[in-house]
Amino acid sequence: MKMDRWRASARRILNLSSHPDAAPRFAPNPARRGIVASGEQPRSSGSLHCSGGSCRGTQCCFGHKQPLSVHLQEREFALGASLIQSRCFGSMATKIQRNPKFATINSDDIRYFRDLLGEKNVVQDEDTLLAANMDWMRKYKGSSKLLLLPRSTKEVSQILKYCNSRCLGVVPQGGNTGLVGGSVPVFDEVIVNLGSMNKVISFDEVSGILVSEAGCILESLVNFLDSKGFIMPLDLGAKGSCQIGGNVSTNAGGLRLLRYGSLHANVLGLEAVLANGDVLDMLGTLRKDNTGYDLKHLFIGSEGSLGIVTKVSILTPPKLTSVNVAFLACTDYLSCQKLLLEAKRKLGEVLSAFEFLDEQAMDIALNHLEGVRNPLPPALHKFYVLIETTGSDERSDKEKLEAFLVHSMEGGLISDGVVAQDIQQASSVWNIREGIPEALTKAGAVYKYDLSIPVEKIYDIVEEMRNKLGHLARVVAFGHLGDGNLHLNISCPQYDDAVLAQIEPFVYEWTSKTRGSISAEHGLGLMKANKIFYSKSPAAVQLMGSVKNLLDPNHILNPYKVLPQSLSSP
């Protein structure tokens with residue numbers, strides 16, 4: 001086996017990227033940004049990909065370039081124009097009754113909040129509230145009459161103290177880019193958005209520890225760190241609008257998790273305000289602290305149900321300049337598994353991404369995305385794998401990747417592949433993987449499931465779902481194979497209760513039998529609150545309820561979310 005075979009393969013992608021139709025789609029696109037906010041994120045990493053505001057625009061930055069009201073109105077327009085015909089449903093509806101213990105907003109409440117925050121930070125404008133009441137998929141819609149914009153932890157504390165005394169439900173809201181209805185009201189809860197709390201408090205250029213307020217836009221932090229020679233350990237397609245406090249509160253995943261781990265691994269400390277207004281100061285910057293319970297982990301991933309995160313301390317890695325991308329074909333899923341094991345062994349410290357997609361996902365992308373071309377010969381392969389390495393020595397990293405690829409091809413693990421030779425080629429390859437969610441919405445109705453399953457069993461559920469559905473729908477699979485996260489999508493011409501009945505509860509029962517998780521990175525929110533028992537034992541859920549009762553006895557924080565309805569009322 002000679003290296004010239006791989007160099008010849010690389011020339012194929014060179015021809016692809018020079019084609020005018022294959023130019024990377026870097027122009028700001030509000031509709032696409034909304035679509036990829038699902039957790040199936042587009043890539044923006046290292047020196048290979050555009051990371052400046054010029055690529056994604058600035059209209060989604062709360063507290064930055066435009067006022068919140070302008071952002072929300074623009075977002076509503078973009079949603080209405082682009083997404084109303086392609087909503088992504090994923091679970092049977094759950095009937096919920098408003099908690100009768102909650103009070104309703106009155107004129108005295110409005111007067112109090114205006115005295116506290118000032119007129120402009122107490123929003124009652126109907127157009128602004130229309131957008132703030134609705135998630136980006138237009139699947140969930142509340143009826144809140146009040147949006148508050150605090151500017152400090154003290155103001156958040158006073159808001160919660162007052163709401164708790166009045167028993168007013170509260171919804172913490174960041175960029176509102178979630179998939180499970182966790183960031184919008186269910187009924188008339190008060191919306192609290194931290195977008196005005198958007199300051200970088202400190203950055204240590206020796207340790208790489210960043211301390212910021214919770215309302216900082218992720219992309220703003222990315223740009224700040226880029227100027228210092230560092231990167232965020234978190235990479236999301238919604239980076240232009242999501243806020244770091246929301247990222248922490250939902251334990252957002254993404255494409256860098258394989259290399260840097262989850263936010264549980266990178267958040268060193270945080271400050272949170274409890275339901276009664278007490279400020280919990282855990283804003284440490286130490287990597288080692290064994291003094292008692294590490295309480296910050298209660299708030300990471302709790303989706304705002306235990307407290308509102310107001311400040312974050314996070315460990316950021318240095319930016320590495322050597323980035324390589326390979327796009328490979330495999331004949332079966334077993335080869336994908338073996339390739340992952342070999343990649344971990346042979347690429348080790350430079351392996352930064354290991355993504356996969358099946359032939360159905362590739363076909364959807366090729367037929368419904370403009371300018372996307374298969375960099376491999378025309379015939380569809382059964383599986384495709386995208387591997388990225390990130391290191392500090394370009395020559396050594398390339399040699400290591402090429403040696404791994406030659407060894408894998410000789411061993412029969414891959415049947416074909418290409419290696420990107422420059423930024424444009426790498427972006428073209430990533431566009432295939434990143435564009436699948438958009439392609440699915442263009443193809444018709446889609447039921448989406450975000451599952452964490454043992455790697456060896458990931459494709460079993462795909463095949464069983466295909467056998468179960470037959471010709472009723474098309475089953476499409478892709479995801480983060482490196483960390484066992486499958487994005488299972490069922491595509492059909494239109495939403496059909498008969499199709500949904502075939503999918504659920506089968507998909508949850510199957511995942512439970514493998515001791516998997518029904519939510520790998522999207523959270524539970526409203527959509528999956530009653531389905532938590534598929535992934536957690538009754539004893540564990542009961543303990544979660546006890547923690548909720550301790551920290552939020554009136555259950556005013558993000559009511560009806562995360563925990564099942566049987567535990568959601570005080």
> Is Ser537 reaching over with its side chain to a backbone N or O of Phe533, donor-acceptor style, under 3.5 angstrom?
Replying inline: no
message: Do Val309 and Val312 have side chains that approach each other closer than 4.5 Å (heavy atoms only, starting at C-beta)?
response: yes
- Query: Can you check side-chain contact (heavy atoms from CB on, under 4.5 Å) on Leu486 and Leu481, steps first, answer last?
  - Reply: CA-CA 7 Å; Leu486 169 69; Leu481 191 62; over 6 Å; no
- prompt: How about Glu342 and Ser408: does a side-chain donor come under 3.5 Å of a side-chain acceptor?
  reply: no
Minimal heavy-atom distance between Val170 and Pro172, with the atoms involved, is O-CD, 3.8 Å
Which of Asn324, Val350, Val406, Val325 passes side chain to side chain contact (heavy atoms under 4.5 Å, CB included) with Leu401? Answer is Asn324
How about Phe224 and Leu210: do any of their side-chain heavy atoms sit closer than 4.5 Å?
yes
Tightest non-hydrogen contact, residues Glu155 and Leu116, listed as OE2-O, 3.8 Å
Within a strict 4.5 Å, meaning less than it, do heavy atoms of the Arg395 and Asp393 side chains meet? yes
Check: Does some side-chain heavy atom of Leu274 sit less than 4.5 Å from a side-chain heavy atom of Leu160?
Finding: no
Electrostatic pair Lys311-Glu271, nearest N-O below 4.0 angstrom | yes
In this structure, NZ of Lys457 is separated from CG of Leu451 (nearest 0.5 Å) by 14.5 Å
What one should report as the nearest heavy-atom pair of Ile436 and Ala361 is CD1-CB, 3.9 Å
Q. Do Phe327 and Tyr384 have ring centroids that are under 6.0 Å from one another?
A. yes
When rounded to the nearest 0.5 Å, the distance separating CG of Leu567 from CG of Asn549 is 8.0 Å
Check your understanding: Hey, are Arg433 and Glu355 close enough for a salt bridge, meaning a charged N less than 4.0 Å from a carboxylate O?
Key -> yes
Report the relative orientation of the aromatic rings in Phe230 and Phe203; use parallel for angles under 30°, tilted for 30 to 60°, perpendicular for over 60°.
perpendicular
- Query: Distance-only, no hydrogens or angles: does the Asn290 side chain make a donor-acceptor pair with backbone N or O of Gly292 under 3.5 Å?
  - Reply: no
| Stepwise, does the side-chain contact (heavy atoms from CB on, under 4.5 Å) test hold for Thr153 with Val273? | CA-CA 8 Å; Thr153 299; Val273 182; 3.9 Å; yes
Counting only N and O atoms by type, is there a donor-acceptor contact under 3.5 Å from the side chain of Asn121 to the main-chain atoms of Leu117?
yes
Under 4.0 Å between a Lys/Arg side-chain N and an Asp/Glu carboxylate O for Lys400 and Glu349?
yes
- Okay, side chain of Gln425, backbone of Gln421: is any donor-acceptor separation there less than 3.5 Å? yes
**Report entry** Working for side chain to side chain donor-acceptor pair (under 3.5 Å), residues Asn276 and Asn164
**Finding:** CA-CA 6 Å; Asn276 64 359; Asn164 194 54; over 6 Å; no
Does any part of the side chain of Asn251, heavy atoms only, come nearer than 4.5 Å to the side chain of Phe299, both counted from C-beta? no
Short side-chain to backbone donor-acceptor contact, Asn193 and Gln173, under 3.5 Å = yes
When rounded to the nearest 0.5 Å, the distance separating OG of Ser212 from CE of Met197 is 10.0 Å
ask   = After noting the C-alpha distance and the side-chain angles of Thr511 and Ser517, does the key distance pass the side-chain contact (heavy atoms from CB on, under 4.5 Å) rule?
value = CA-CA 7 Å; Thr511 302; Ser517 171; 5.7 Å; no
If you define the side chain from C-beta out and look only at heavy atoms, does anything of Pro233 sit under 4.5 Å from Arg256?
no
- Is the shortest heavy-atom distance from the side chain of Met232 to the side chain of Ile314 under 4.5 Å? yes
Note: Tyr140 and Met527 closest approach over all heavy atoms is OH-CB, 2.9 Å
- Do the side chain of Arg515 and the main chain of Ile453 share a donor and acceptor less than 3.5 angstrom apart? no
Problem - SB check Asp450 Lys448 (cutoff 4.0 Å) - result: no
Counting only heavy atoms not in Glu399, do more than 12 sit closer than 6.0 Å to its CD atom? yes
Between Ile518 and Ser535 the two heavy atoms that sit nearest each other are N-OG, 3.0 Å
- Taking the six-membered ring for Trp and the single ring otherwise, decide whether the centroids of Tyr459 and Phe383 are under 6.0 Å apart. yes
Does the salt bridge (charged side-chain N to carboxylate O under 4.0 Å, His left out) test come out yes or no for Lys561 and Glu303, once each step is laid out? CA-CA 8 Å; Lys561 319 282 181 62; Glu303 302 183 53; over 6 Å; no
Separation between CD (Glu213) and CG (Leu194), nearest 0.5 Å, reads 9.0 Å
Worksheet item: Do we see a donor-acceptor contact under 3.5 Å between the side chains of Asp397 and Ser322?
Response: yes
Here the gap from Asp552 atom CG to Leu557 atom CG, rounded to the nearest 0.5 Å, amounts to 4.0 Å
### Message
Are the side chains of Phe354 and Leu258 in contact, using a 4.5 Å heavy-atom criterion?
### Response
yes
Note: Lys346 and Phe404 closest approach over all heavy atoms is CB-CD1, 3.9 Å
* To do: Using modelled atom types only, decide if a donor and an acceptor are shared between the side chain of Ser335 and the backbone of Cys330 within a distance under 3.5 Å.
  => no
For this session: Kindly indicate, with the supporting measurements, whether the criterion side-chain contact (heavy atoms from CB on, under 4.5 Å) is fulfilled by Leu340 and Gln337.
Result: CA-CA 5 Å; Leu340 173 60; Gln337 293 180 62; 5.8 Å; no
**Prompt:** Is the closest side-chain donor-acceptor distance between Ser305 and Asn558 under 3.5 Å?
**Reply:** no
Is it true that a side-chain atom of Asn198 and a backbone atom of Gly195 form a donor plus acceptor pair closer than 3.5 Å? yes
Separation between OG1 (Thr250) and CG (Leu524), nearest 0.5 Å, reads 11.5 Å
Exercise for review: Consider only side-chain N and O atoms of Ser352 and Thr390, and report whether a donor and an acceptor are under 3.5 Å apart.
Suggested key: yes
Is it true that the side chains of His487 and Glu521 contain a donor and an acceptor less than 3.5 Å apart?
yes
